[in-house]
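The block underneath contains the structure these notes are about, expressed in structure tokens.
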Amino acid sequence: VQLQASGGGSVKAGGSLRLSCAASGSTFSNYAVGWYRQAPGKQRELVAAISSGRNTNYADSVKGRFTISRDNAKNTVYLQMNSLKPEDTAIYYCAAQLGGGLYTDRSAWGYWGQGTQVTVSS
């Protein structure tokens, strides 16, 4: 499966963005999808994930502000980000893995898209 992330940009604190991860090349509904982010000088961290069965999990830092969802008809997973903070600034990546689990280990994700930059100013 090939992944294309989009939707990043620059916003002020308190603003919103919606990221999209469009997939092609396989039966997307059978894949779990995760959003990761990497800030300068920091490790890549899991932000949110959604299983093929639409179970979700979130990093504590984004709970209540971010929502992950999927539209299998459009082969797309979304990350709605509200109440953005400067510490959300990072490159955001989407990842996918065949199966019904919610993977938390970065090595479990077999497919990665290119990143999209999110910049939140104070």
Thr119 (side chain) donor-acceptor with Thr89 (main chain) under 3.5 angstrom: no
Verdict with supporting geometry, Asn57 and Thr104, side-chain contact (heavy atoms from CB on, under 4.5 Å): CA-CA 9 Å; Asn57 73 330; Thr104 57; 3.9 Å; yes
Side-chain (Thr27) to main-chain (Ser29) donor-acceptor, under 3.5 angstrom: no
Worked verdict on Tyr92 versus Arg37 for side chain to side chain donor-acceptor pair (under 3.5 Å): CA-CA 4 Å; Tyr92 284 70; Arg37 68 186 180 188; 2.9 Å; yes
Donor-acceptor side-chain pairing of Ser52 and Asn30 below 3.5 angstrom: no
Salt-bridge present (Asp60, Lys63; N to O < 4.0 Å): yes
Heavy atoms of other groups near Tyr58 OH, more than 12 under 6.0 Å: yes
Arg70 backbone acceptor or donor facing Arg54 side chain under 3.5 Å: yes
Parallel, tilted or perpendicular, as decided by the 30° and 60° cut-offs, for the rings of Trp109 and Tyr103: perpendicular
Shared hydrophobic cluster, Ile50 / Val62 (ILVMFWY, side-chain heavy atoms < 4.5 Å): yes
Donor-acceptor under 3.5 Å (Gln97 side chain, Gly110 main chain): yes
Reference residue Thr116; test side chain to side chain contact (heavy atoms under 4.5 Å, CB included); the match among Leu79, Leu19, Leu17: Leu19
Arg65 (side chain) donor-acceptor with Ser83 (main chain) under 3.5 angstrom: yes
Aromatic centroids of Trp35 and Phe66 separated by under 6.0 Å: no
